[in-house]
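Accompanying notes for the structure given below.
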Amino acid sequence: MKKLNYKELKSLWIDFYKAKTHAQIPSASVVPENDASVLFINSGMHPLVPYLMGESHPQGKRLCNIQKCIRTGDIEEVGNPNHLTFFEMMGNWSLGDYFKKEKIAWSWEFMTGKEWLNIDPNRLYVTCFEGDEVSPKDTESAEYWLNQGVGKDHIYFLPKSENWWQLPSGTGPCGPCTESFYDTGKDSCNDNCNPSCNCGRFVEIGNDVFMEYIIENVGEKPKLNKQRNVDTGFGLERNLCLVNGHKSVYETELFAPAIDKVKASADPGFYNEQAARIICEHTRAAVIMIADGIIPSNKGQGYVLRRLVRRAVLKRLEINCHLETIFDNLIDFFCGYLGEYYEQVATGVENIKFVFNQEKDKFFKTVNQGVKEFEKVIKFVHKDISQNSVFSGKTAFRLYETYGFPIELTKELCEEKGLSINMEEFTIAKQKHTLASQTANTGAFKGGLADTTGATTKLHTATHILHSVLRSIYGFDLHQKGSNITPERLRFDFNLDHKMTADELNVVEVRVNEIIAQDLDIIVEEMNVENARLKGAIGVFNSKYGDVVKIYSITSPQFSSVEFCGGPHVNKTSELGAFKIQKEESVSAGVRRIKAVLN
């Protein structure tokens, strides 16, 4: 196996697929653009959904990149050998071009080729889809693996839970996948041990998804898509760990120097490795989130960022780290190597520190406020529990939910008073709250551009018009700060230094409807970036675009909207119907939000 550092592994991936005539595209932001199906970009294919659905990509049908991803479903697992909130996914795609035969051959070549990863073929195992009522058993992929030299006893057929991939929204392109695993040599956990086990014997290397199906509406069964696609994902951190013989991603060059910094500044009597890993991982994830424009808040993406920063601070307290500049030092380290690949990180170091430290300082105040509240309630609680010395779990959760007061600190204060916490009661209260939040989020984050319904497409076009109308009224310093579209409504965030009056909102609404009524054509063009800028095109995350871009234009003698965009859009503005603003509100300092519908 070839030992590689971070830069070498990144270059190796891109060089391999460029040699297979793939165009390299930049990473998109971790903030989904115009897509309400998830809070964050959580896979390499997510920003490419319009193209996987049939839109033409300006760079062609073969693409590759390394995509920034955020996954928050298992934050509590961070610190374990391979769990990360932020990770980089090495990916490549075929948009209606090659399919299973070529992809499996190339994945095998990249894994085993001497000039590539040079993994011992005898240590490789693969899994294929066992089939169901929608899609048959994937014997075709298995045959291609056999042809490459994989032993028959190294191929497993597994169910949909293991070998099928689709978007979290429940709609969009989907299909069976075939995953590749490395046998670490560890003893099997039982006679039925296979690559789907979590016993540690098998480590996933990568996943090839064959997106030959599509789900048009939530709850419907997949049906064959008009375009067969390939989506490949190889986790960068896990592969870096694998090729260098590490047992954990935290032993790699991406984390080890940062963990050493934390260890050196901690009280030896309180230090533990798990806490140090969490401090470093959460700080690294926060760097990427803040660089991509997220700020701490009590909702959505901002809430996740706030949770990461506060959890890192708590772990710092846990190991008794007194170094005031520890987070600044960690941010400098992570920005050092991430900034070489992501411009927003390189240019945003000071802002990243400012946002992080502001939230850190607020949290210290929260902790102090929580202590005061604890002292208030303990006077009354003490009387209720004097017989058994147990602190109410419901009260502990109220401190946690209302004041952000960590359960770890409540435990510590209770121990000082000779009390224990009813943790079963706390857990039940927390689970109820989590279930309620998930139910609310399901309503708040359903649909999105991933479903490409007619309603969503219309609202997407209306968002472009709204953006240009706002710029025409308030000046060209106004820019989009976020966009979230479901089939029911659009939500558009933009910078503005005041609350809009009823008269201002009426002017915006009237102007948008005037443009809709003009029956203007929506023109799509492909051109190089320089010509696009000369044409006056604007975009939210300009650095994500490749050399050739798509521009959508809506123009008349009195109006102009020219934007970088992947689509989809309607053909004429008259298809949109009547535009109606439902609400205007504040998002954060200097950022306003408009919610609107089409009737």
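Excluded from the calculations below are hydrogen atoms, water molecules and symmetry mates; all remaining heavy atoms, backbone and side chain alike, are included. Just so it is clear, the structure is predicted and the values come from calculations on it, not from any experiment.
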Exercise for the section: Please confirm whether the backbone N or O of E530 pairs with a side-chain atom of N528, one donor and one acceptor, at under 3.5 Å? Expected result: yes
Practice task
Locate the shortest heavy-atom distance separating V287 from I352; write the atom from each residue and the value.
Solution key: O-CD1, 3.8 Å
Exercise for the section: Could I get the full list of salt bridge (charged side-chain N to carboxylate O under 4.0 Å, His left out) partners for K580, not counting sequence neighbours? Expected result: E509
Practice task
Pick out which of V597, L490, L466 makes a side-chain contact (heavy atoms from CB on, under 4.5 Å) with L459.
Solution key: L490
Exercise for the section: Just do the side chain to side chain contact (heavy atoms under 4.5 Å, CB included) check on N495 and L478 with the steps written out, would you? Expected result: CA-CA 6 Å; N495 59 296; L478 183 146; 4.2 Å; yes
Handout entry: SB check E281 K315 (cutoff 4.0 Å)
Key = no
Exercise for the section: Compare every heavy atom of T573 with every heavy atom of Q518, then report the nearest pair and how far apart it is. Expected result: C-OG1, 4.3 Å
Handout entry: W164 side chain reached by Y213 side chain, heavy atoms, under 4.5 Å
Key = yes
Problem - Distance in Å, Q344 CD paired with L338 CG, rounded so as to fall on 0.5 Å steps - result: 11.5 Å
Problem - Backbone of G233 reached by a side-chain donor or acceptor of N207 within 3.5 Å - result: no
Practice task
For residues I554 and T461, determine if any side-chain heavy atom of one lies less than 4.5 Å from a side-chain heavy atom of the other.
Solution key: yes
Practice task
Test the K360-F327 pair against the cation-pi criterion, namely NZ or CZ under 6.0 angstrom from the six-membered ring centroid and within 45° of the ring axis.
Solution key: no
Exercise for the section: Please work out whether the ring planes of F492 and F494 are parallel, tilted or perpendicular, with thresholds of 30° and 60°. Expected result: parallel
Problem - All side-chain hydrogen bond (donor to acceptor under 3.5 Å, both in side chains) counterparts of R307, not counting sequence neighbours - result: E76
Exercise for the section: Report the residues that fulfil side-chain hydrogen bond (donor to acceptor under 3.5 Å, both in side chains) with T72, sequence neighbours left out, ordered by chain and then residue number. Expected result: none
Exercise for the section: Rounded to the nearest 0.5 Å, what's the gap from CD1 on I288 to OG on S29? Could you check? Expected result: 9.5 Å
Exercise for the section: Could you tell me whether the side chain of D97 and the main chain of K61 form a donor-acceptor pair under 3.5 Å? Expected result: no
Completion exercise
Rounding to 0.5 Å, atoms CE (M90) and SG (C64) come to a distance of 11.5 Å
Handout entry: Side-chain donor or acceptor of Q67 paired with backbone N/O of A28 under 3.5 Å
Key = yes
Handout entry: Audit row: N229, L48, side chain to side chain contact (heavy atoms under 4.5 Å, CB included) steps and yes/no
Key = CA-CA 11 Å; N229 307 296; L48 295 171; over 6 Å; no
Problem - Between OG on residue S574 and CD1 on residue I515, distance to nearest 0.5 Å - result: 13.5 Å
Practice task
Please check if the side chain of E237 supplies one atom and the backbone of E88 the other of a donor-acceptor pair under 3.5 Å.
Solution key: yes
Exercise for the section: For R489 and N484, indicate whether the former's side chain and the latter's backbone hold a donor-acceptor pair under 3.5 Å. Expected result: yes
Handout entry: Pairwise side-chain contact, P173 with L167, heavy-atom cut-off 4.5 Å (strictly under)
Key = yes
Problem - W93 and Y51, any side-chain heavy atoms less than 4.5 Å apart - result: no
Exercise for the section: Could you name each residue pair satisfying ring pair (Phe, Tyr, Trp, His ring centres under 6.0 Å) that touches residues 496-517, not counting sequence neighbours? Expected result: Y474-H498
Practice task
State, to 0.1 Å, how close R284 and L254 come at their nearest heavy-atom pair, and which atoms those are.
Solution key: NH1-CD1, 4.1 Å
Problem - Note, K353 side chain near C335 side chain (heavy atom, < 4.5 Å) - result: no
Problem - Heavy-atom side-chain contact between L305 and E359 under 4.5 Å - result: no
Practice task
Determine the minimum heavy-atom distance between S43 and R71, stating which atoms define it.
Solution key: CB-NH2, 4.1 Å
Completion exercise
What one should report as the nearest heavy-atom pair of N65 and I14 is CA-CD1, 4.0 Å
Fill in the blank from the handout: Taken to the nearest 0.5 Å, the spacing of K221 NZ from I215 CD1 works out to 11.5 Å
Exercise for the section: Working to the nearest 0.5 Å, report the span between NZ of K362 and NZ of K365. Expected result: 8.5 Å
Practice task
Tell me whether the centres of the aromatic rings in Y341 and Y337 are closer together than 6.0 Å.
Solution key: no
Exercise for the section: Just do the side chain to side chain contact (heavy atoms under 4.5 Å, CB included) check on V134 and K223 with the steps written out, would you? Expected result: CA-CA 8 Å; V134 171; K223 64 180 184 180; over 6 Å; no
Handout entry: side chain to side chain contact (heavy atoms under 4.5 Å, CB included) between S94 and R62, intermediate numbers included
Key = CA-CA 5 Å; S94 165; R62 297 185 178 190; 5.5 Å; no
Exercise for the section: Please report the closest heavy-atom contact between M89 and C69, naming both atoms and the distance. Expected result: CB-SG, 4.0 Å
Problem - Basic-acidic side-chain contact under 4.0 Å: E584, K499 - result: yes
Practice task
Kindly indicate whether the side chain of F234, heavy atoms from C-beta on, has any atom under 4.5 Å from the side chain of N92.
Solution key: no
Exercise for the section: Report yes if some heavy atom in the side chain of S553 is under 4.5 Å from a heavy atom in the side chain of E525; otherwise report no. Expected result: yes
Fill in the blank from the handout: Here the salt bridge (charged side-chain N to carboxylate O under 4.0 Å, His left out) pairs for residues 460-479, sequence neighbours left out, are none
Problem - Ring geometry between Y552 and H464 (parallel below 30°, tilted from 30 to 60°, perpendicular above 60°) - result: perpendicular
Handout entry: salt bridge (charged side-chain N to carboxylate O under 4.0 Å, His left out) contacts in which one or both residues fall within residues 42-58, not counting sequence neighbours
Key = E55-K550
